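Since the structure comes first, as structure tokens, the remarks are kept for the end.
Given the structure is predicted, the values throughout are model-derived calculations rather than measurements. In listed order, ligands and their atoms are each counted from 1. Along the sequence shown, residues are numbered consecutively beginning with 1.
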Amino acid sequence: MTKPRQPAEPFRIKSVEPIQLLDRATREKKIVEAHYNIFRIDAADIYIDLLTDSGTSAMSNRQWAALMMGDESYAGAKSFRNFEKVVRDIFRKEYVIPCHQGRSGENLIFSTILKPGQYVLNNTHFDTTRGNTQHKGGIAVDLPCAESDAPVPLPFKGDMDTEKLEHFIDEHGTDEIAMVIMTITNNSVGGQPVSMKNIKAVSSICKKHGLPFFFDCARFAENCYFIRRDEPGYENKSIRKIAAEMFDACDGVMMSAKKDGLANIGGFIALNDGELYQKLTDLMILIEGFPTYGGLAGRDLEVLAVGLQEVMDLEYLKNRVGQIKYFGEVLKQAGMPIVEPTGGHAVFVDAGQFLSHIPTKQFPGQSLAVAFYVEGGIRAVEIGSLMFGGTDPVTGEKLSAPRELVRLAVPRRVYTNSHLDYIGDVAKIITGRREALKGYKITYQSRFLRHFTCKLESISTRNVEVGS
Ligand code: F0G
């Protein structure tokens, strides 16, 4: 098999952070001490950490320089004005509200506009948008396109199903719907992009019915890159122009800037509705901070103002998306089935298929995540029955996960091709002994979001009815 080729990084390394691979016996001890839950392992005991691409980016020399320019004034800081200008330019909205991260923006929005019992429609809610909707008494409805989980490599599997959207609106009426959200890229279906065509179609449906249309745009630049690469008519447009066209189609945005802000913390809301802005900032002063800093330091705002622009650099994006594609090839060549095409920020391994001898109730994804740590000191995260199964803490309903996946999210500008090749070697070893991998059962779990803190135990008997 020929080795896939990965484009060389469009940067060189100026500052390094040592990482160490513990010996196997120590890794085995650590995973037992962590009760087989990788969230319970200290970062210092991980060699390559692919838990998330959120807040884990490496900053550029320009961002480090900008950090020194932070104006830490409580009100009306210069750093806020810089940040505000950049956000207005890219996202094309008048009012800019900084927040300390994505979910605090979600909390503000849903606390303000959602009436209990109303629906929030989304191509697919990310966990925190779903959680914040439910926390304010709303009902989160996902309307992913039919192709979103098809085992075929289509270009825009993140799209929303517009027929279902129209049907839902006709059935329930606009009073029952608080807002429509488009998550770009669509994290929960594998970081898959949304096409401009779909964005515009959803936008015109919302306009027709007078429904607010917002973006959850944590990975907006990656989405723009996919549009440029794969959607006819955009091949010669700049990322900035594509972003402008995209954002002109919506009423407002919420962004976790810990992803495509190339920063370690931060987020914001931007919108054109002055009345809503007033309501949001009134609440914000109570829970997040004065409207010109929003839970962030002036230096964080400076870092974001640079990061939001750097992330639109075409060479950067080519490398970023190319690196994820390369990583997918490496894992495939190591014998692991992956979700295709690879999206913008992570590779998702189909653990249900890879470890078909482990029943869903014994968490095949967790078994693979544990194997990545024990075999190679790599941290990945289960996105399957452990994360989404169990019992709904509010309704008592039995929950189920659509698929048993393991996500290997790649931090931006942090790991090199050699790290990815190393993971490929570890994956080959795991493939070689996959029949020996065992399932797990839960020995402790919390009521909400159990995967973060649960404790597990290895089980060796096949087809035992445990877990749930
Ligand atoms: N929206 C999307 C699409 C996200 O992926 C995330 C976070 C958030 C909102 C919440 O933002 O973490 O800044 O509060 N995703 C991270 C992940 C945690 O690992 O995918 P936050």
Side-chain angles (χ1 to χ4, degrees), residues 38-39 43 49-57 97-111 120 122-135 140 142 144 148 157-160 179-194 214-224 226 246 250 252-270 287-288 294-296 300 303-304 307-308 311 324 339 343-348 365 369 379-384 387-388 405-412 414 449 451-452:
I38 48 106
F39 285 99
D49 201 345
L50 305 186
L51 187 61
T52 180
D53 63 319
S54 180
T56 51
S57 300
I97 306 173
C99 306
H100 82 268
Q101 64 181 89
R103 68 198 72 181
S104 46
E106 294 159 11
N107 185 347
L108 284 170
I109 290 273
F110 297 127
S111 301
V120 176
N122 203 321
N123 45 347
T124 316
H125 286 84
F126 178 68
D127 322 6
T128 58
T129 34
R130 186 185 312 281
N132 272 301
T133 300
Q134 292 168 340
H135 190 246
D142 293 338
S148 67
K157 287 162 88 173
D159 281 358
M160 187 181 284
M179 69 192 311
V180 178
I181 300 175
M182 189 72 103
T183 305
I184 55 172
T185 55
N186 193 341
N187 188 359
S188 307
V189 304
Q192 299 292 322
V194 178
F214 271 59
F215 285 163
D216 175 1
C217 60
R219 299 175 180 88
F220 78 95
E222 288 167 10
N223 202 83
C224 290
F226 282 110
M246 223 165 62
C250 72
V253 304
M254 304 179 256
M255 176 167 180
S256 164
K258 297 173 72 173
K259 287 83 167 169
D260 274 354
L262 296 176
N264 304 120
I265 196 74
F268 60 89
I269 301 168
I287 63 172
E288 183 78 349
L296 291 169
D300 298 325
V303 159
L304 281 170
L308 287 167
V311 78
I324 303 292
V339 174
H345 69 290
V347 178
F348 292 72
R379 176 149 65 177
V381 65
E382 191 260 12
I383 303 205
M387 190 178 271
F388 297 124
L405 302 177
V406 170
R407 183 181 85 168
L408 296 107
V410 183
R412 293 166 181 78
V414 171
L449 300 173
H451 57 284
F452 287 121

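Protein residues are said to neighbour a ligand when one of their heavy atoms lies under 4.0 Å from it; for ligand 1 these are T52, S54, Q101, G102, R103, E106, F126, T128, T183, N187, D216, R219, S256, K258, K259, R407.
Considering T183, N186, T129 as possible partners of T124, the one that fulfils the side chain to side chain donor-acceptor pair (under 3.5 Å) test is N186.
Applying the side-chain hydrogen bond (donor to acceptor under 3.5 Å, both in side chains) test to N132 and every residue at least two apart in sequence or in another chain returns E106. Residues passing the salt bridge (charged side-chain N to carboxylate O under 4.0 Å, His left out) test with R407, sequence neighbours excluded: none. Looking at residues two or more places apart in sequence or on another chain, you find a salt bridge (charged side-chain N to carboxylate O under 4.0 Å, His left out) between R412 and D53, E222, D260.
A distance-only check finds a donor-acceptor pair linking the side chain of R379 to the backbone of I38 [under 3.5 Å].
For the residue pair D300 and H100, no side-chain donor N or O sits within less than 3.5 Å of a side-chain acceptor on the partner.
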